[in-house]
Amino acid sequence: MSSVVHEWMNDLTFKQQTVVLSALRGCDGFPKEDVSKKISRFLCGCILKNGGTKNTNFMKFDVNVNDVEMMRRDMDKYPMHYLLHLIHSAEIIGYYHPDEGIREFWNYFYLVMVDGMHLHPETKEENEYRLRDGVDSD
């Protein structure tokens, strides 16, 4: 049997895969119409193969830059733990996804959200170094 994750995930380090997968849950306590749920469905579709029918709303690819701006504007309403998992996952997808359009979307999401938190974005090389396998985190 094959894996539920898309093949591009196999090219990541185990630590990078763990970071990406940790964001799959989404944010509890918000209605399914909330923009965070829309972003989460797209995230799932970028990482997971759909085990259901093609007509399901799960893993729907219907996000745009307006959704990112809305999430940034309202970022204070989301738990920090959820946001950090999502942002770190977006960073990795933005660097490594094989589809250029998906990479561009998630890179944009990462940069907008990091800027919204007044943080410095991590480079691809910094990410690779920090999430290399065989080294324990500090």
Side-chain angles (χ1 to χ4, degrees):
M1 177 173 285
S2 65
S3 175
V4 69
V5 298
H6 287 292
E7 286 74 18
W8 72 272
M9 292 278 296
N10 295 325
D11 295 331
L12 300 175
T13 67
F14 280 14
K15 287 183 179 183
Q16 288 171 324
Q17 289 179 48
T18 301
V19 169
V20 170
L21 293 170
S22 69
L24 285 175
R25 173 97 176 116
C27 192
D28 292 332
F30 287 87
K32 66 181 180 176
E33 299 81 23
D34 187 83
V35 70
S36 69
K37 301 295 185 172
K38 191 176 185 182
I39 298 282
S40 290
R41 285 190 296 271
F42 182 53
L43 179 80
C44 287
C46 293
I47 299 167
L48 302 174
K49 297 174 187 172
N50 188 350
T53 66
K54 293 181 181 180
N55 297 330
T56 183
N57 282 334
F58 179 62
M59 301 194 294
K60 196 172 184 183
F61 293 87
D62 67 346
V63 295
N64 58 55
V65 295
N66 293 332
D67 296 322
V68 177
E69 296 299 330
M70 184 183 308
M71 191 151 183
R72 178 190 175 164
R73 186 180 61 244
D74 295 338
M75 83 170 23
D76 288 342
K77 74 180 184 180
Y78 301 108
M80 182 60 67
H81 188 242
Y82 160 73
L83 283 176
L84 287 177
H85 279 296
L86 181 61
I87 291 166
H88 284 131
S89 184
E91 175 188 13
I92 293 169
I93 298 169
Y95 287 142
Y96 298 101
H97 197 281
D99 182 284
E100 183 179 3
I102 291 173
R103 263 193 332 271
E104 287 176 358
F105 172 83
W106 286 111
N107 188 265
Y108 177 76
F109 181 90
Y110 171 69
L111 293 173
V112 166
M113 297 303 281
V114 166
D115 182 67
M117 294 177 150
H118 311 288
L119 300 173
H120 178 73
E122 185 176 53
T123 67
K124 184 176 182 180
E125 294 74 25
E126 290 168 332
N127 178 273
E128 288 174 352
Y129 182 79
R130 180 174 60 85
L131 295 175
R132 66 197 186 280
D133 287 336
V135 177
D136 293 332
S137 301
D138 294 334

First locate atom [atom1] of [X], then atom [atom2] of [Y], and finally report the distance between them rounded to the nearest 0.5 Å.
X      : Y      : atom1 : atom2 : answer
Cys44  : Ile39  : SG    : CD1   : 12.0 Å
Leu111 : Ile87  : CG    : CD1   : 11.0 Å
Glu122 : Asn127 : CD    : CG    : 4.5 Å

Minimum heavy-atom separation for [X] and [Y], please, with both atom names.
X     : Y     : result
Val35 : Tyr78 : CG1-OH, 3.6 Å
Asp67 : Val63 : OD2-CA, 3.2 Å
Asn64 : Asn66 : OD1-N, 2.8 Å
Lys49 : Val5  : CE-O, 3.4 Å
Cys46 : Trp8  : O-NE1, 2.9 Å
Met71 : Ser36 : CE-CB, 3.9 Å

Side-chain heavy atoms of [X] within contact of [Y], under 4.5 Å:
X      : Y      : result
Glu126 : Glu91  : no
Glu33  : Lys37  : no
Tyr82  : Ser40  : yes
His6   : His97  : no
Tyr95  : Asn107 : yes
Leu86  : Met113 : no
Asp34  : Asp74  : no
Phe109 : Leu43  : no

Counting heavy atoms not belonging to [X], are there more than 12 under 6.0 Å from its [atom1]?
X      : atom1 : result
Tyr108 : OH    : yes
Lys124 : NZ    : yes
Arg132 : CZ    : yes

Parallel, tilted or perpendicular, as decided by the 30° and 60° cut-offs, for the rings of Trp106 and Phe42: parallel
Quick check: does any side chain N or O of [X] sit under 3.5 Å from a backbone N or O of [Y], one acting as donor and the other as acceptor?
X      : Y     : result
Gln17  : Met9  : yes
Asp133 : Phe14 : yes
Ser22  : Val19 : yes
Arg103 : Tyr96 : no

Pair Asp115 + Arg72, salt bridge at N-O below 4.0 Å: yes
Transitive ILVMFWY side-chain link Tyr129 to Val20, under 4.5 Å: no
Same apolar cluster (I L V M F W Y, side chains within < 4.5 Å links), Val4/Ile47: yes
Residues that Thr18 engages under side-chain contact (heavy atoms from CB on, under 4.5 Å), provided they are two or more places apart: none
With His88 via side-chain hydrogen bond (donor to acceptor under 3.5 Å, both in side chains) - residues at least two apart: none
For His120, all residues meeting side-chain hydrogen bond (donor to acceptor under 3.5 Å, both in side chains), sequence neighbours excluded: none
